[in-house]
Enquirer: 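Just passing along the structure, written as structure tokens.
Keep in mind that this is a model prediction, so the values were computed, not measured. Heads up: numbering here begins at 1 and tracks the sequence. We count ligands from 1, going down the list as the structure has it; atoms in each ligand are counted the same way.
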Amino acid sequence: MSERFDLVILGSGSTAFAAALRAAELGKTAVMTESRTLGGTCVNRGCLPSKNLIEAARIVWEAQHPRYPGLRPARIDIDFNELVRQKAQLVHDYRDRKYRSIVEDADLIKVYEGHAAFVGEHAISANGRVLEADQFLIATGARPTVPPIEGLADVPYLTSDLLTSGEPQELFELPGSLVIVGGGYIALELGQMFHRFGSQVTILERSQKILKDYEPEVSLAVTEALRSEGVNLVTGVAVRRVLQEGDEILVVAERSGLEQRFRAQRLLVATGRAPNTDGIGLDKVRVELDDRGFVPVSDQLRTNVPYIWAAGDVIGRFTGSQLATPVGAHDGGIAASNALNGERRAVDHAVIPRTIFTDPQVAVVGLTDAEAIGLGHRCWCNTIPVELVPRAGAVRDTRGIAKMVIDADTDKVLGVSLVMRDAGEVIHEAAMGLRLGATIHDFIELVHVYPTMAEALKIVAISRYKDPHKLSCCAE
Ligand SMILES: Cc1cc2nc3c(=O)[nH]c(=O)nc-3n(C[C@H](O)[C@H](O)[C@H](O)COP(=O)(O)OP(=O)(O)OC[C@H]3O[C@@H](n4cnc5c(N)ncnc54)[C@H](O)[C@@H]3O)c2cc1C
């Protein structure tokens, strides 16, 4: 049986949904396909469940480690199974409200279950159904990579899929101890979360420092924050092999030429994300991939085949994109408009704020110092400790830094990096500033609410002209 649509979408994640909704707005029919769970990674096993459990872990940790003299530590008993149950319920409710009901209410959008693959130039097949169209969108997302570590195939290991609901990979028991291979954002977020729930956590990062694409001050501040609360963060370590020893997993690694061994009840592999582009028949339509399997696209999100588009995690860093939900959602709509309406809209990935939900949070936008210099800017940049922000002192949480990068000739702000509480909220002021071409003076002259963490932006800007240690309250 074959059916015809204006747009056939491989995947049903946030990128696919944005594209399908845009198609419907244009009065066109669209079909999504899903081999796993409607809604994709973010709602089912990424953003939503991780942020739900990270916040629960923060509550547990703060009760045990109050920042205020006069507040005594309190122990919160953890029923991990119940926490997992509420997480599943939350995901279920959210998926119903934000994904399933939207499809049910839309006449022009359909979703079919099944693994989709191209079977002809203008046809895919999913679960025995053939879906035909003039235009196609690849929005199949990414999955955890499995590195070639000796012995890994012979031991049980977790991936970030432990956050999923109703799939066999879901984790129901809190590990007593956990070794995490990898030191990217998922490893850091989940590592701190498990540590705060009471697991003994070791994070093994191959590079000499974590978050090496971020400002060095960011890496240092996060390293300090995690180590000071007891996470065993080991850098410059290469994992050589893993094996089961009794009830534990033994990780044999090499650090500075010496063998080091780490043991834990559970192993979590968090070494990055690989695109879901294998097994979808791209050879049939001659869509080209890069050497890691990501789909190269033009700035209009067109692949090398004129009627096939791609967006979301599956395009990796092409067009300066980021593997993040709002980027895919933004681009999915653009891809659909370009495919169906003959528009020639280019994506603009110059200003993408990003957050790592550790505590303190990391939030960045724009260029790093090194990137700005690499692009030929004459830079001024400065970093202030968050202890200079009145709000941080008032609430007794002075961890972190704020860094601003500006073009010294035009005074334009090029980038901001924050490590502090609420950084993920504050970064939007910086992002809007960058979008509107703000200069350092805009950040100084904008009256900021006192005392808020957003004042970090004003203070780091002022530090170009004055010693930020000698400011009075909110004086400029
Ligand atoms: C642990 C974790 C935490 C995260 N936290 C955040 C966060 O806080 N903020 C943020 O912005 N981003 C976060 N992300 C990233 C975010 O989840 C992704 O960037 C986003 O989900 C990508 O959306 P997408 O639609 O491109 O792909 P996906 O959401 O992965 O959707 C693709 C869908 O396609 C399906 N599929 C694949 N192949 C086929 C096929 N052949 N046929 C049919 N269906 C197929 C997949 O099953 C999947 O459901 C997190 C990710 C993880 C893993």
Enquirer: What part of Thr140, side chain, backbone, both or neither, has a heavy atom within less than 4.0 angstrom of ligand 1?
Expert: both
Enquirer: Cut-off 3.5 Å, side chains only: do Glu167 and Asn44 have a donor facing an acceptor?
Expert: no
Enquirer: Is the number of heavy atoms from other residues, nucleotides or ligands under 6.0 Å of Glu82 CD greater than 12?
Expert: yes
Enquirer: Could you check whether Glu113 and Thr33, counting side-chain N and O atoms only, form a donor-acceptor pair closer than 3.5 Å?
Expert: no
Enquirer: For the ring pair Phe118 and Phe136, is the centre-to-centre distance below 6.0 Å?
Expert: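 Judged by ring-centre distance (under 6.0 Å), Phe118 and Phe136 do meet the cut-off.
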Enquirer: Other residues, nucleotides and ligands only: do more than 12 of their heavy atoms fall within 6.0 Å of CZ on Arg143?
Expert: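 Count over threshold, so yes.
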Enquirer: Taking only non-hydrogen atoms of Ala126, do any sit less than 4.0 angstrom from ligand 1?
Expert: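 The answer is no, since Ala126 has no heavy atom less than 4.0 Å from ligand 1.
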Enquirer: Using a heavy-atom cut-off of under 4.0 Å, does the side chain or the backbone of Leu323 touch ligand 1, or both, or neither?
Expert: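 Backbone only.
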Enquirer: Nearest heavy atom to atom 13 (C) of ligand 1 wins, so pick from Ala139, Cys47, Gly332.
Expert: Cys47
Enquirer: Looking only at distance, does Cys42 have an N or O less than 3.5 Å from an N or O of ligand 1?
Expert: yes
Enquirer: Once you restrict to heavy atoms under 4.0 Å, what part of Ser160 touches ligand 1? Side chain, backbone, both or neither.
Expert: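 It is the side chain that gets close, since no backbone atom is under 4.0 Å.
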Enquirer: Quick check for you: to the nearest 0.5 Å, what is the distance between Arg95 atom CZ and Leu38 atom CG?
Expert: 7.5 Å
Enquirer: Could you tell me whether the side chains of Glu34 and Tyr112 share a donor-acceptor contact shorter than 3.5 Å?
Expert: no
Enquirer: Does the residue Arg273 have a heavy-atom contact with ligand 1, meaning some pair of atoms that are separated by less than 4.0 Å?
Expert: yes
Enquirer: List the steps, then state whether side-chain hydrogen bond (donor to acceptor under 3.5 Å, both in side chains) holds for Thr355 with Glu425.
Expert: CA-CA 9 Å; Thr355 294; Glu425 313 294 334; over 6 Å; no
Enquirer: Using heavy atoms and a threshold below 4.0 Å, how should the contact between Glu189 and ligand 1 be classified: side chain, backbone, both, or neither?
Expert: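 None of Glu189 does.
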Enquirer: Determine whether any heavy atom of Ile280 lies closer than 4.0 Å to an atom of ligand 1.
Expert: yes
Enquirer: Which part of Tyr185 is near ligand 1, with near meaning a heavy atom under 4.0 Å away: side chain, backbone, both or neither?
Expert: side chain
Enquirer: At a non-hydrogen distance cut-off of under 4.0 Å, which region of Val327 contacts ligand 1 (side chain, backbone, both, or neither)?
Expert: neither
